[in-house]
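None of these values were measured; they are calculated from a predicted model. Each chain gets a letter, A, B and so on, in the order the sequences are listed, and its residues count up from 1.
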Amino acid sequence: MIQEDAAKAIKKILSVDDVPFNVPPKREFGDFSTAICLSQAKVQKRAPILIAEEVANKLRGVKLQYITEINITPPGYLNFKIDQPRYIKSVVDRVRKQGAEFGTSTVGRNRRVLVEHTNVNPNKAMHIGHLRNAIIGDTVVRTLRKLNYDVQACDYIDDTGVQVADVVVAMLYMDAPTYDGKSDDFSAIWAKYENNSDKISFDYWCWDIYSRVTQAFDADESLKARRAEVMHLIEAQDNPVAEFAKEVAAKIVHAHLATVSRLNVYYDLLNWESDIFLRGFWKTAFESLKAAGGIVFETQGPNAGCWVVKMGRGVHQTEDGVRSEDKVLVRSNGIVVYTGKDIAYQMWKFGVLGQDFLYNPWGMQDNGRQLWTTSNEGESCERFGRAQRVINVIDVRQSYLQQVVYDCLRKLGYTKEARNSIHLDYEVVVLSNAAAAELGVDVDAEEPGTQAMSGRKGVGVKADDLLDAMVGRLAEKVATQQNADVLAAAAVRYFMSRITTGKMIVFDFDEALRTTGDTGVYCQYAHARACSILAKAYPDGTAAAAPKRFAAPDRVTIPEQELVKKIAEYPAILKKAGKELSPAPLAHYAFELATVFTDYYETPDPDVDRQVPFIKIKDPKLRSYRLSLVDVFRQTMANCLDTLGIVALERI
RNA sequence: GCGCCUGUAGCUCAGUGGAUUAGAGCAUCUGACUUCGGAUCAGAGGGUCGGGGGUUCGAGUCCCUCCAGGCGCGCCA
């Protein structure tokens, strides 16, 4: 706001497109500054200090709100001092007026964005790698909604893949009693789970049998043969085993939704791969690709008999023989690969496939939003798909395949859609050697290094286990069980959010379970402290009872200035997070905001010998002023935490 | 071999061209008022920003190159 005025004026004077501002190294220089004259020196071929003087003189002639002084420092910085009392009043009034809306903007202009995230194979419990995906995805959804995008949050469920088939094989054939191969009565099979000695949840039980069965495949050829058979039956769909597989997948999906709801993650639509298959999406896409010449049928070479997309150098000679960079979409046996279906699905997301799913309500979520699911026997509905922009949250290892999908869109002539396809790639979560050793993996915990998580080997930290461990650690100092749950979710979400998406997370229990310093707990603590102060100051009401009319202060201290400056940054941070599609700027901001607030709380006035608690201040105007800053801090922190998917606690 | 990512304090990370002295947290050490929430705060030590070139008035940030680590390059997903 305040800088925008100055930027506008400078843009006019220098006729430039953008004016970047920053903070001067010394407070005496001013409250903010710009180096625009330095970069203009090149263009104008004049000394930057001369340009700065000229701009400063012109600016002094223009009436700029809140700016009391403009000065120049070598080699050509323009520095601005602001009228702090008036500025603070404007910020406080704005936050008070906008409340929970403070920070939002209309940059999205209702543009329809589809964000797909989580996408965990429905065959075992979620682990912390999946959690990173869900947290990044959900935070991006929340951020874009606050920027006024029309966002659909989708979770893709690969219910017809090998992973589900493996668990089905494990359930049907690994332990007695085994399935007879034709019955539609699976009660004896379900009993194996229901009677499990440890009474563990279904997703945990599957975690164990999945790793057991993948290892059993190596030794047991007959079991391996069952795998191909089950795969085939699931693909054929119309049989008891396929129905059983669907039931298993649905049960796991319920478990996953329960897990992520502990972290405040919700969706609009569940997209099932079986529906993509049943609705014949691929056939449509295949015909389009053929018609557009986007794919070719190979009659010779390594891909003979396959339909392929031409990529990179294509088929070429290497030292190791003939290799192909082309991507096979239809195998020589006529079966489409996953990427093929993904092309059709991506077309659906943009509404250019010419086909749609049918839909049914799945149920109401804890946040009060209805969740929908694609369905073979549902109703048609126009509110899904048809997006202008599609964001796929998938880890970095699938970059190549995502590019193939987008490339095919381009080959089909959907260049705009290809351009608006975003692979939000993020690095994986791995275990530190110490963490792996704690899980019983045979590694030297003293040796620095990492271990990849592996569903097949059953190596990984389950999401619910991490949350439970966090709740356990917090239990002692917390008022209620519910607060422990919320605080644990805050800790875990913050932990996953603060690391930029391009960086691998090396998971370590001590680091993840920390409750001091740069953590979600610290942010919650600052917020709860503010609420507590307000509750004591205004015992007749809640924080909402804080004074509505705000009088500009006569004098402004440094901690007050710093706090207000940080609060005023929030809208820009939200925009940045939306532009970068990353939770990290929000997490860092939340911590900085908590820090400046705590500083203000500890030492509101560095010039006096003894700090007076806000609630004990005698001067009513000063008391009201200080408490108003506490209140707008409280509001801003609550808004920021909400964007991070964290419920702000009023007490801990 | 080709492509992408990462390399900043003992450890975990911020910092997507701007300011003498590169910031946080953890860990370590020393402290904290008759306390509005001590899960806090103040202070101390700790850095060739992987190495080397270059562009620029100015580089942790941009370009080139080299080194180290990770991931990808399936008729798997």
Side-chain angles (χ1 to χ4, degrees), chain A residues 20 22-26 29 33-36 38-39 41-42 47-48 73-77 121 158 161-163 298 302-308 311-313 318-320 323-325 327-339 342 395-401 403 425 427-428 430 432 448-450 452 474 477-478 487 498-500 502-506 508 510-511 514-519 521-522 524-526 528-537 576 580 584-585 587-588 591-592 595 598-599 601-604 609-617 626-627 630 651-652:
Chain A
N22 44 51
V23 181
K26 284 190 179 176
F29 291 170
S33 63
T34 176
I36 186 78
L38 275 65
S39 50
K42 265 178 222 143
T73 47
Y77 289 99
N121 268 303
D158 183 4
V162 244
Q163 294 215 21
E298 296 285 24
N303 297 329
C306 302
W307 287 90
V308 305
M311 298 286 290
R313 286 180 294 166
T318 70
E319 285 173 7
D320 307 325
R323 286 193 52 135
S324 168
E325 286 184 19
K327 174 66 190 164
V328 171
L329 289 190
V330 182
R331 303 174 177 109
S332 53
N333 65 6
I335 294 174
V336 60
V337 301
Y338 173 83
T339 303
D342 212 16
D395 79 53
V396 68
R397 293 173 302 187
Q398 291 210 37
S399 295
Y400 166 71
L401 291 174
Q403 289 316 310
D425 58 328
E427 262 294 353
V428 294
V430 297
S432 68
T450 63
L474 296 164
K477 292 168 139 181
V478 119
L487 204 53
R498 65 182 271 269
I499 295 172
T500 48
K503 203 162 248 172
M504 190 179 273
I505 293 181
V506 180
D508 182 80
D510 289 339
E511 176 70 13
R514 197 161 50 79
T515 60
T516 60
D518 182 9
T519 63
V521 175
Y522 179 87
Q524 285 279 27
Y525 191 79
R529 173 184 265 164
C531 291
S532 169
I533 292 168
L534 293 166
K536 284 199 171 130
K576 185 181 179 194
E580 293 181 8
H588 294 294
F591 178 65
E592 285 172 5
T595 303
T598 306
D599 194 39
Y601 162 83
E602 295 277 348
T603 316
D609 292 336
R610 195 185 158 76
Q611 302 299 325
V612 182
F614 303 151
I615 58 173
K616 289 181 184 159
I617 295 172
R626 293 257 160 93
L627 288 167
V630 174
R651 47 189 282 262
I652 285 175

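- For C5(B), neither phosphate oxygen OP1 nor OP2 lies less than 4.0 angstrom from any side-chain nitrogen or oxygen of R397(A).
- At the phosphate of U12(B), neither OP1 nor OP2 sits under 4.0 Å from any side-chain N or O atom of R514(A).
- Looking at heavy-atom distances under 4.0 Å, D395(A) makes no contact with the nucleic acid at all.
- Residue T515(A) places no side-chain N or O under 4.0 Å from the OP1 or OP2 atom of A39(B).
- Using a 4.0 Å heavy-atom cutoff across all strands shown, T450(A) reaches no nucleic acid atom at all.
- Looking at heavy-atom distances under 4.0 Å, V337(A) makes contact with sugar-phosphate atoms alone, never a base.
- Regarding contacts with the backbone of A77(B), every side-chain N or O of Y338(A) stays at 4.0 angstrom or more from both OP1 and OP2.
- Look at K616(A) and you'll find a side-chain N or O under 4.0 angstrom from OP1 or OP2 of C36(B).
- Comparing G37(B), G15(B), A39(B) by their nearest atom to the side chain of T500(A) picks out G15(B).
- One can place CD of E325(A) at 11 Å from C1' of G1(B), the figure rounded to the nearest angstrom.
- Between C26(B) and U21(B), the two P atoms lie 28 Å apart (nearest whole Å).
- Across all strands shown, A537(A) has no heavy atoms under 4.0 Å from either base or sugar-phosphate atoms.
- Within 4.0 Å (heavy atoms only), F29(A) reaches at least one base atom of the nucleic acid.
- A452(A) comes within 4.0 angstrom of no nucleic acid atom, judged by non-hydrogen atoms across all strands.
- Taking every side-chain heavy atom of I499(A) into account, C13(B) is the closest of C13(B), A39(B), A19(B).
- The aromatic rings of Y601(A) and F614(A) sit perpendicular to each other, their planes meeting at more than 60°, with 30° as the lower class boundary.
- Using a 4.0 Å cut-off, some side-chain N or O of K536(A) falls inside it from OP1 or OP2 of G37(B).
- Of the candidate nucleotides A39(B), C13(B), C75(B), C75(B) has the atom nearest to the side chain of R331(A).
- Here I652(A) lies in heavy-atom contact (under 4.0 Å) with a base.
- Using a 4.0 Å heavy-atom cutoff across all strands shown, Y400(A) reaches sugar-phosphate atoms only and no base atom.
- Between K503(A) and A14(B), a side-chain N or O to OP1/OP2 separation shorter than 4.0 Å is present.
- At a threshold of 4.0 angstrom between heavy atoms, the contacts of T598(A) are confined to the sugar-phosphate backbone, with no base atom among them.
- A donor N or O paired with an acceptor N or O is found under 3.5 Å between the base of A19(B) and the side-chain atoms of S33(A).
- Put simply, the side chain of T339(A) and the base of A77(B) share no donor and acceptor less than 3.5 Å apart.
- Here the P atom of nucleotide G38(B) and the OH atom of Y522(A) are 12 Å apart, to the nearest Å.
- Picking from A39(B), G25(B), U12(B) the nucleotide with the shortest atom distance to the side chain of D518(A) gives G25(B).
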